[in-house]
2 protein chains.
Amino acid sequence: MTERGSSAAMVRGDSLLFLTDDQLRRGIEAMFFAYRGFTADPDRILIEHGYGRAHHRAVHFINRTPGTTVNNLLAILGVTKQSLNRVLRTLVEDGLVEARVGKRDKRERHLFLTDAGKELEQALSEAQRNRMRVAFRNAGPEAVQGFRAVLEEMMDPEMRRQYLDGVDQG
Amino acid sequence: MTERGSSAAMVRGDSLLFLTDDQLRRGIEAMFFAYRGFTADPDRILIEHGYGRAHHRAVHFINRTPGTTVNNLLAILGVTKQSLNRVLRTLVEDGLVEARVGKRDKRERHLFLTDAGKELEQALSEAQRNRMRVAFRNAGPEAVQGFRAVLEEMMDPEMRRQYLDGVDQG
DNA sequence: TTGGAAAGTCAACAAGGCTGACATAAAATG
DNA sequence: CATTTTATGTCAGCCTTGTTGACTTTCCAA
């Protein structure tokens with residue numbers, strides 16, 4: 001992998017990949033259009049349940065890290081506690097999330113999915129994984145590496161930390 | 001590039017890339033966290049001007065395709081005309097967008113950025129391009145190819161058409 | 001014991017989606 | 001020419017999800 005002295009050109013194999021403004025604009029539009037596809041399937045499911053993306057996000061990260069506290073969730077989601085609280089309240093009322101008072105620190109609420117919550121999470125993530133799986137397969141293994149590399153570079157440092165935290169096996 | 005018979009394994013060079021649910025979950029979170037980074041810089045600029053992402057999207061696509069009609073924009077943005085109209089109205093009132101009555105079809109409004117509109121568009125897209133450029137450079141040219149390939153596969157067919165439409169030189 | 005952190009609550013507000021209904025002008029069609 | 005369809009705009013009202021500000025309760029820790 002060689003790097004040119006030029007500010008906008010990179011060498012890939014034998015073909016030049018120019019990072020012109022137009023190339024970058026295409027990357028920007030790729031993100032915009034792809035994010036729509038990325039959320040489309042879960043959105044349909046959520047509407048049936050009377051929920052929105054905010055509920056999906058909460059359910060996702062509670063599932064990823066069971067027992068996480070409200071404060072942890074706030075840091076990951078990057079919203080105000082009032083916003084998150086509104087979402088969590090409905091999820092608890094609807095019996096999808098359980099908020100257990102902390103044992104060591106009783107101010108904290110540890111969040112868990114109930115069986116019903118796990119069921120919804122499964123439906124949502126399965127739909128999203130299916131699309132991701134098809135995209136990965138069609139694009140090929142090398143593309144998947146590149147996809148992840150670019151997205152990781154696009155994150156703010158704080159978000160990248162959160163992202164790298166959620167690793168199971170490296 | 002070889003494909004294994006297995007449903008979840010793909011070969012990349014000599015290392016196996018397993019598409020386990022956990023790998024897919026990481027892809028999902030990568031999208032979530034990266035999209036935040038992707039919008040963070042323009043969001044800051046928009047707030048200073050009292051605008052939101054909806055304005056950014058409109059300005060972006062009017063800049064991409066000057067003279068585009070309201071209906072075209074609706075198809076690209078995937079919102080209702082009421083939603084878009086609210087945004088366009090403020091942009092026209094503020095002198096960032098000009099809506100010219102069509103010559104051949106006088107029902108149509110052809111949308112153009114004014115000089116002030118181009119100025120804002122430049123500020124927004126420059127911020128976004130800078131992040132994209134750094135991400136691309138850090139990830140490397142091969143990663144950029146993969147990034148685009150996966151994102152394109154993630155789009156709904158209709159959106160992919162819109163995406164591929166916006167090509168200048170192939 | 002007192003300060004401050006964690007969490008919850010209430011109120012108010014705004015952006016930006018949505019639907020439904022209606023108006024207007026102009027093009028297209030019979 | 002009459003009718004229908006299309007493109008656009010607009011008003012009213014609703015929802016989700018974000019915001020800020022103020023206030024309370026709980027309770028850990030200095």
Side-chain angles (χ1 to χ4, degrees), chain A residues 32 35-36 39-40 42-62 67-94 97-112, chain B residues 32 35-36 39-40 42-62 67-94 97-112:
Chain A
F32 171 68
Y35 200 78
R36 288 254 291 279
T39 56
D43 279 357
R44 275 188 284 272
I45 297 172
L46 287 160
I47 284 172
E48 295 169 14
H49 292 253
Y51 292 133
R53 274 186 212 171
H55 300 83
H56 184 185
R57 291 195 281 265
V59 162
H60 173 97
F61 285 105
I62 293 172
T68 189
T69 64
V70 174
N71 246 6
N72 285 341
L73 216 45
L74 286 178
I76 289 175
L77 298 178
V79 297
T80 59
K81 61 176 179 175
Q82 293 91 333
S83 245
L84 176 57
N85 192 259
R86 182 169 37 201
V87 167
L88 284 180
R89 200 190 316 147
T90 71
L91 290 173
V92 169
E93 280 171 2
D94 296 352
V97 166
E98 193 192 340
R100 297 186 203 150
V101 173
K103 286 191 175 176
R104 293 198 297 199
D105 186 336
K106 293 176 188 166
R107 295 167 299 180
E108 293 179 341
R109 302 290 185 277
H110 297 276
L111 304 168
F112 299 87
Chain B
F32 171 69
Y35 199 77
R36 287 253 293 277
T39 55
D43 280 357
R44 274 188 285 273
I45 296 172
L46 288 161
I47 285 173
E48 294 169 15
H49 292 252
Y51 292 134
R53 275 184 211 172
H55 301 83
H56 184 184
R57 293 194 280 266
V59 163
H60 174 97
F61 285 105
I62 293 171
T68 190
T69 64
V70 173
N71 248 3
N72 285 341
L73 214 46
L74 285 179
I76 289 176
L77 298 178
V79 296
T80 59
K81 63 172 178 173
Q82 293 90 331
S83 257
L84 177 57
N85 190 259
R86 182 168 37 197
V87 167
L88 283 181
R89 200 190 314 150
T90 70
L91 290 174
V92 169
E93 281 172 2
D94 296 352
V97 167
E98 192 191 343
R100 297 185 203 150
V101 172
K103 287 191 174 175
R104 293 196 298 197
D105 188 334
K106 292 177 189 167
R107 293 170 303 178
E108 294 178 340
R109 302 295 137 85
H110 297 275
L111 303 168
F112 299 87

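A note on names: the letters A, B, ... follow the listed sequences, proteins ahead of strands, and every chain is numbered from 1.
One can place NE2 of A:His56 at 18 Å from P of D:dT16, the figure rounded to the nearest angstrom. If you take CG of B:Asp43 and P of D:dT17, they are 18 Å apart, rounded to a whole angstrom. The distance between atom CG of A:Asn85 and atom C1' of C:dA6, rounded to the nearest whole Å, is 12 Å. Rounded to a whole Å, the CG atom of B:Leu84 is 16 Å from the P atom of C:dA15. At whole-Å resolution of the value, NE2 in A:His110 and P in C:dA6 are 13 Å apart. At whole-Å resolution of the value, CD1 in A:Ile47 and C1' in C:dT19 are 13 Å apart. In this structure, B:Arg109 places its CZ atom 13 Å from P of D:dA7, rounding to the nearest Å. One atom, CG of A:Leu111, and another, C1' of C:dA6, lie 13 Å apart when rounded to the nearest Å.
Under a 3.5 Å cut-off, the side chain of A:His49 and the backbone N or O of A:Leu46 do not form any donor-acceptor pair. Without hydrogens or angle criteria, A:Arg109 side chain to A:Arg107 main chain gives a donor-acceptor distance under 3.5 Å. A distance-only check finds no donor-acceptor pair linking the side chain of B:Arg100 to the backbone of B:Gly67 [under 3.5 Å].
Checking B:Arg53 against B:Thr39 by side-chain atom types alone, a donor-acceptor pair falls below 3.5 Å. Between the side chains of A:His55 and A:Thr90, at least one donor N or O sits under 3.5 Å from an acceptor N or O.
Nearest nucleotide to the side chain of A:Arg57, out of D:dT17, D:dG9, C:dA7: D:dT17. The side chain of A:Thr80 lies closest to D:dT20 when the candidates are C:dT9, C:dT19, D:dT20. Taking only side-chain atoms of A:Glu108, from C-beta outward, the nucleotide of C:dA6, C:dG17, D:dT8 with the closest atom is C:dA6. The listed nucleotides are C:dG17, C:dA7, D:dT10; the one nearest the side chain of B:Arg89 is D:dT10.
Each of A:Lys81 and A:Gly52 was matched to the nucleotide of DNA chain D holding its nearest heavy atom; the match closer to the 5' end belongs to A:Gly52.
Salt bridge annotation for A:Lys106-A:Glu108: absent, with no cationic side-chain nitrogen under 4.0 angstrom from a carboxylate oxygen.
Checked against the 6.0 Å centroid criterion, the rings of B:Phe32 and A:Tyr35 do not qualify as a close aromatic pair.
At a threshold of 4.0 angstrom between heavy atoms, the contacts of A:His55 are confined to the sugar-phosphate backbone, with no base atom among them. Base contact: A:Arg86 has a heavy atom under 4.0 Å from a base atom. Heavy atoms of B:Gly78 sit under 4.0 angstrom from primed sugar atoms or phosphate atoms, though from no base atom.
Side-chain atoms of B:Gln82 stay outside donor-acceptor range of the base of C:dG16, with no qualifying N/O pair under 3.5 Å.
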Query raised in the report: Using a cut-off of 4.0 Å between protein heavy atoms and nucleotide atoms, how would you tag nucleotides 24-30 of chain C 5' to 3' with B, S and -?
Result: --BS---
